[in-house]
Amino acid sequence: MFVDRILKLKMLGRAFELAIRVFFPEGAGNNWTCRYEIDWPEGRQAIAATGIDGLQALSNALCMIGADLYTSSYHKEGQIQHWGDWKGYGFPVPAVIRDLLVGDDAKYF
């Protein structure tokens, strides 16, 4: 099972869906993993974050998603948007790139 968020990617004068799926954490030996996927225009990116428990794996996955979004060329070009009134993408980022946050993300993350 997974939860998802759909962001808007504006390219070539059109809006496309940028789907992000976060799968429930799973135990893996002494660690936990939390898989996630981002459907970029050039293809699906599938990665797993790890942690000492499910909550840490989930937290790490959310930060990794935020880092992927905020360091992408699409962010640099201003092409990613949230569908609603939220300004930003709704994902936290690691402390070393918090200066990249925009809008509501900069206020709350």
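For the single chain, residues carry numbers from 1 onward in sequence order.
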- Query: After noting the C-alpha distance and the side-chain angles of Val22 and Arg5, does the key distance pass the side-chain contact (heavy atoms from CB on, under 4.5 Å) rule?
  - Reply: CA-CA 9 Å; Val22 181; Arg5 170 164 296 153; over 6 Å; no
- Message: If hydrophobic clusters are built by linking Ile, Leu, Val, Met, Phe, Trp and Tyr wherever their side-chain heavy atoms come under 4.5 Å apart, do Val102 and Trp86 end up in the same one?
- Response: yes
- Task: Grab the two heavy atoms, one from Leu58 and one from Pro25, that are nearest each other, plus how far apart they are.
- Result: CB-CG, 4.1 Å
- Closest heavy-atom pair, Leu100 versus His75, reported as atoms and distance to 0.1 Å, is O-NE2, 3.7 Å
- Message: Would you say that Glu37 contacts Asp4 through its side chain, given a criterion of any heavy-atom pair below 4.5 Å between the two side chains?
- Response: no
- Are any non-hydrogen side-chain atoms of Asp68 and Ile20 less than 4.5 angstrom apart? no
- Task: Answer whether the closest heavy-atom distance between the side chains of Gln45 and Tyr36 falls below 4.5 Å.
- Result: yes
- Message: Could you go through Leu18 and Ile38, starting from their C-alpha distance and side-chain angles, then the distance that decides it, and tell me whether this counts as side-chain contact (heavy atoms from CB on, under 4.5 Å)?
- Response: CA-CA 7 Å; Leu18 179 61; Ile38 302 175; 4.0 Å; yes
- Item | Distance in Å, Glu42 CD paired with Ser73 OG, rounded so as to fall on 0.5 Å steps | 7.0 Å
- Task: Using a cut-off of 6.0 Å, state whether more than 12 heavy atoms not belonging to Tyr108 lie near its atom OH.
- Result: no
- Hey, what do you get for NZ (Lys107) to CG (Leu101), rounding to the nearest 0.5 Å? 13.0 Å
- Message: I'd like to know if Ile47 and Trp32 are part of one continuous hydrophobic network [Ile/Leu/Val/Met/Phe/Trp/Tyr, side-chain heavy atoms within less than 4.5 Å].
- Response: no
- Begin from the C-alpha positions of Leu9 and Met11 and carry the test side-chain contact (heavy atoms from CB on, under 4.5 Å) through to its verdict. CA-CA 6 Å; Leu9 183 61; Met11 292 176 48; 3.6 Å; yes
- Query: Quick one: do Trp40 and Leu12 end up in the same hydrophobic cluster if we chain Ile, Leu, Val, Met, Phe, Trp and Tyr together by side-chain heavy atoms under 4.5 Å apart?
  - Reply: yes
- Task: For Asn60 and Thr50, indicate whether the former's side chain and the latter's backbone hold a donor-acceptor pair under 3.5 Å.
- Result: yes
- Give a yes or no on whether the backbone of Glu26 and the side-chain of Arg35 come within a donor-acceptor separation of less than 3.5 Å. no
- Query: How close do Ala15 and Trp83 get, heavy atom to heavy atom, and via which atoms?
  - Reply: CB-CH2, 4.3 Å
- Message: Once rounded to the nearest 0.5 Å, what's the spacing between atom NZ of Lys8 and atom CD of Glu17?
- Response: 11.0 Å
- Item | Closest approach of Asp105 to Tyr70 (non-hydrogen atoms, all atoms of both residues) | OD2-OH, 2.6 Å
- With clusters built from Ile, Leu, Val, Met, Phe, Trp and Tyr whose side-chain heavy atoms come within less than 4.5 Å, directly or transitively, what are the remaining members of the cluster of Phe23, listed by chain and number? Phe2
- Task: Using a cut-off of 6.0 Å, state whether more than 12 heavy atoms not belonging to Asp85 lie near its atom CG.
- Result: no
- Query: If every non-hydrogen atom of Gly88 is compared with every non-hydrogen atom of His82, which pair is closest and at what distance?
  - Reply: O-CB, 3.3 Å
- Rounded to the nearest 0.5 Å, what's the gap from NZ on Lys10 to CZ on Phe16? Could you check? 11.5 Å
- Query: Are Ile65 and Val3 connected in a single hydrophobic cluster, I mean Ile/Leu/Val/Met/Phe/Trp/Tyr linked by side-chain heavy atoms less than 4.5 Å apart?
  - Reply: yes
- Write down the atom of Cys34, the atom of Ala57, and the distance for their closest heavy-atom approach. CB-O, 3.6 Å
List the atom pairs, donor and acceptor, that lie under 3.5 Å between side-chain atoms in residues 90-98 and the rest of the protein, sequence neighbours left out.
from	atom 1	to	atom 2	distance (Å)
Arg98	NE	Phe109	O	3.1

